[in-house]
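Before any comments, here is the structure.
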Amino acid sequence: MVQVQELLRLGVRADNDWHVVTQADGSPLRPRSLTHAVSEFLKEWRITLHGLRHSHASHMLASKIHPKVVQERLGHSSIAITMDIYSHLMPNMQEEATSVDGALRAAINKRADDVG
């Protein structure tokens, strides 16, 4: 809404032929052009778009974001693909499973003591 108001202030009326991101001459920017421009910009730091994507996924998983959310953000067709690629980044999964096992065993033992 702010963008539309600013355009109107400048005397530009946005319609179906108007684009938010354009080439220098105002013509529509092709998606590949944007990818190319960003890739060129990142070369200076020896970073790729794919590397940024991988870093984003890695940071989400390290922050304990549910893998299903990561899968959806990356656009993987299944959570299995995401887990096959990134499960090595989740070393605490075995620890968490062990703590669940311990809690279940304690509950079963308590129940057995209460009944027995």
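- Of all heavy-atom pairs spanning S87 and D84, the tightest one is OG-O, 4.4 Å.
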message: For a side-chain contact (heavy atoms from CB on, under 4.5 Å) check, start with the C-alpha distance between H59 and S55, then their side-chain angles and the critical distance, and finish with the verdict.
response: CA-CA 6 Å; H59 286 289; S55 294; 4.2 Å; yes
- request: For the pair Y86 and M60, evaluate side-chain contact (heavy atoms from CB on, under 4.5 Å) and give the outcome as yes or no after the intermediate values.
  value: CA-CA 11 Å; Y86 295 102; M60 284 190 293; over 6 Å; no
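- In terms of modelled atom types and a separation under 3.5 Å, the side chain of R73 and the main chain of A57 share no donor-acceptor contact.
- Taking CG from L61 and NE2 from H56, the interatomic distance works out to 10.0 Å, rounded to the nearest 0.5 Å.
- Checked options H66, H76, M83; the residue passing with Q71 is H76 (criterion: side chain to side chain contact (heavy atoms under 4.5 Å, CB included)).
- In this structure, S39 and L49 approach most closely via the heavy-atom pair OG-CD1, 3.6 Å.
- Taking all atoms of both residues into account, the shortest heavy-atom contact from W45 to F41 is CZ3-O, 3.5 Å.
- Between H54 atom NE2 and L74 atom CG the span is 10.0 Å, to the nearest 0.5 Å.
- L52 has its side chain within reach of L42: a pair of non-hydrogen atoms, C-beta onward, lies under 4.5 Å apart.
- Atoms OG and CZ, on S58 and R53 in that order, are 11.5 Å from each other to the nearest 0.5 Å.
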